[in-house]
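Structure, as structure tokens:
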Amino acid sequence: MSNGFDDIPFFDEEEPAPRKPAQAPATSTAASGPAPGGLGIAARAMAARDQTRAPDYLSGLNPEQRDAVETVDGPLLVLAGAGTGKTRVLTTRIAHILATGRAFPSQLLAVTFTNKAAREMKERIGLLVGGAVEGMPWLGTFHSIGVKILRRHAELVGLRSDFTILDTDDVVRLIKQLIQAEGIDDKRWPAKQFAQMIDGWKNKGLDPSQIPEGDARAFANGKGRELYAAYQNRLKTLNACDFGDLLLHPIRMFRANPDVLKEYHQKFKYILVDEYQDTNTAQYMWLRLLAQRPPGVPQNVCCVGDDDQSIYGWRGAEVDNILRFEKDFPGAKVIKLERNYRSTEHILGAAGHLIAHNEGRLGKTLFTDRVNPDDEKVVVHAAWDSEEEARAVGEEIERLQRGDSDGKKHALNDMAILVRASFQMREFEDRFVTLGLNYRVIGGPRFYERLEVRDAMAYFRLVCQPADDLAFERIVNTPKRGLGDTTIRTLHDYARARDVPMLAAAADLIETDEIKPKARKALFDVIQHFRRWSELLETTPHIELAEQILEESGYTDMWKNDKSAEAPGRLENLKELIRSMEAFESLRGFLEHVSLVMDAEQNADMDAVSIMTLHSAKGLEFDTVFLPGWEEGLFPHQRALDEGGRSGLEEERRLAYVGITRAKRRCHIWFVSNRRIHGLWQSTMPSRFLDELPVTHVEVAESEQSYGGYGRGGYGQSRFDKADPFANNYSTPGWKRAQANKSDATRDNWGTRSGHAVERIGYGESGPKAKTIDGELVAKSTTSEPSKFTVGDRVFHIKFGNGNIASIEGNKLTINFDRAGEKRVLDGFVERV
DNA sequence: AAGCCTTAGTTTTTT
DNA sequence: ACTAAGGCTT
């Protein structure tokens, strides 16, 4: 569990979460079996209760929190703003339900989105109640609980209970096969895209028969519905599920089997949902099925969320679920948590003013009364380009580390850089490597998604589940065994014709002469190996077996013989994979875990600055937060605006809100005038979100360096004394260029900004001379001067050779090259011949 | 089966 | 501009 954040206390300067009560039994009596288990916890919790006064665990709560904990009967929506003690309320509420004897641990259903959140909740309940929480079998993610339900009733939806869970990669490969089998051009209709469509439908809870006609037509000349149905059939044959099915199958099963649903109704006395604003339609349907009760019986559902932190609309989350909670659950009580324990008044003020620009919200205002005159305002900085941005952030970090500003030395662990898009990270990494500053990147490619780990897992899967064709196809020729396309196709056809797994097909076919002798020998060896491994499965310790599989299959040797730079790292990852199996009892148990828990631990020992996207920062907090890249087009992101319209913009704004509210003490926002996007230098405009920050809580940093045109020439006072605090930035070369571009076709990405009137102050002309790089950049991307080329000119390009200019858009030329065909290039890269 | 060349994509991410 | 992946050639 340690990625460095788990030990950061949720409350700053508050008393820690209540400790194990003195009268709690010292020894654990946790039940060993599953249901009806968990009496150990209940007993401890009951013992912890003090009949004469309010129990200890309630004492540290504010009135609203306490209300949310004690309102146990009937539907309850807790609107918990950032840093208001959400997790504390949830965990205390659970402890309270247990302590008052209202339910056994096994009668609580508590759902989270991520494994991390589930883990954290378990730990914290353990702290409250004392001891581990083995007795809460129904605390987990939507998906892990879905699997649990589904394994019990798999046969009701046409699966066997040992079904496999496919991840995205498997799904895409499977769909690709289906597309090809239909004779559809898989270049024109990419499997990946269709996988995303299916995912979208499943998020909405739609079967093939239910998808909108338009959607069905949109793919592969109207074959969308057919393909989706074919995909579901194929999954059934494979005895497999995708992630969406882990929710949809239980929904189907409950609808078709009211008696089963009733069992669960009786079982779950209290239901809790975390991060309710992130639920999608399918999750919502699932929840409603489980939460519904006959008239007169209270629906004990408690959903906790924050509409202002809903940032996953693009993957199917429906903020509406939280906005209409009261309609869905009549008689619901709504409690708002607005007292913030995390941030300074300036940070809260800035965030609150920004988010107030959103229309579709329930409306909360965070406040704190711990006001300190030394609290720093949110600082907005300008930089010339992203390189300077990274340099300046690096300097600020070193300053804090040394303790220059306030005499306190700040740990790198307390600082984070939160970016909108991951490509922004690189510049910071480069800079920090140069500076020798420790950093850690959160998110990004994950351990279990690495090629070598997935290969190894495919071997294990096939040993446990010989019918796993996807695993078979993945590794049958890895390492190379001379089993090429032809052989695989033969196997595939045979298997499909007889409806048997490919491994079985292979066993059949090596008896015949349909396969060339060489391939037959190779296949024979593979089959022998798997037979033996399967036999060892029951007798050999799983770690030993896993090592043996990787050795005997030649997989480790393959990487040992590989001379590429990555090979050693891959071998190291394989060792790590084996090591991580130690925590499990069997190979099967391990596989199940991995399919549901895709995250791996990070080392938290080192003191390091965290770099991550705004999305992965949700739920975390840091003393100092740096928010670079506040420019139109990047943040708010152009695509969010194009595809999401106004609601897209509002989601971006929520993202900005999430970013600011991660900060406890210091928040530094940056924007640059020039950024390279897709390899081209673009002039950028400051983000509209900057204009939405309140003057009283924000200051604009004086220009720290090279980037001249800002803050010099007698501007000592706050930029906010002016009508437009950022006016000066609009006099920079970047801004002028943006203006010039406005009347030009090159504005395509950037010129669509509206409703943002600014007064320009003619300052740049007489201002300090810009750096040399300025001249270069202007030369490359300015459009204020007419192009030195005209349509029809014959030009030479170093890569594409000779050609004629077909059209000119600012500094971008469209050229018909004699050999390379039509290309768009910058005018700086060609010369007249 | 390895290596080269062309082509497409380049916001955010969980399970 | 860069990268990664897929297709094609040798």
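Chain A is the first sequence line, chain B the second, and so forth, proteins listed ahead of strands; every chain is numbered from 1.
Here the C1' atom of nucleotide C:dA1 and the CZ atom of A:R675 are 16 Å apart, to the nearest Å. One interatomic measurement links the two molecules: CZ of A:R188 to C1' of C:dG6, which rounds to 19 Å at whole-angstrom precision. Rounded to whole Å, atom P of B:dG9 lies 19 Å from atom CD1 of A:I677. Atom CG in A:D186 sits roughly 14 Å away from atom C1' in B:dA8 (whole-Å rounding). Between the CG atom of A:N477 and the C1' atom of B:dA1 there is a distance of 10 Å, given to the nearest Å. In this structure, the CH2 atom of A:W189 is 15 Å from the P atom of B:dA8, given to the nearest Å.
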Protein-nucleotides 8-10 of chain C N/O pairs under 3.5 Å:
none

Which protein N or O atoms sit under 3.5 Å from an N or O of nucleotides 3-6 of chain B?
none

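In terms of modelled atom types and a separation under 3.5 Å, the side chain of A:K148 and the main chain of A:P137 share a donor-acceptor contact. Formation of a donor-acceptor pair under 3.5 Å by the A:T613 side chain with backbone atoms of A:S616 is found in this model. Judged by distance alone, the side chain of A:S310 and the main-chain N or O of A:D306 form no donor-acceptor pair under 3.5 Å.
Annotation: B:dT11 and C:dA4 have their P atoms spaced 15 Å apart (nearest Å). For C:dA5 and B:dT12, the P atoms lie 16 Å apart once the distance is rounded to whole Å.
A:R315 is linked by a salt bridge (Lys or Arg N to Asp or Glu O under 4.0 Å) to nothing, counting only residues two or more places apart in sequence or in another chain. Under the side-chain hydrogen bond (donor to acceptor under 3.5 Å, both in side chains) criterion, A:D430 pairs with no residue at all, not counting sequence neighbours. For A:H249, the side-chain hydrogen bond (donor to acceptor under 3.5 Å, both in side chains) partners two or more places apart in sequence, or in a different chain, are A:R252.
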Nucleotide-resolved protein contact map, nucleotides 10-15 of chain B, B/S/- at heavy-atom distance under 4.0 Å = BBBBSB
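When A:E651, A:E631, A:E652 are each tested for a salt bridge (Lys or Arg N to Asp or Glu O under 4.0 Å) with A:R420, only one passes: A:E652.
Here the two rings, on A:F194 and A:W189, have centers that are 6.0 Å apart or farther.
Within 6.0 Å of atom NZ in A:K202, more than 12 heavy atoms from other residues, nucleotides or ligands are found, so the atom counts as buried in its surroundings. More than 12 heavy atoms of other residues, nucleotides or ligands lie within 6.0 Å of CZ in A:R151, so this atom counts as buried by the packing criterion.
For the atom pair CG (A:L272) and CE (A:M121), the distance works out to 7.0 Å, reported to the nearest 0.5 Å.
Taking only side-chain atoms of A:R426, from C-beta outward, the nucleotide of C:dG6, B:dA1, C:dT3 with the closest atom is C:dT3.
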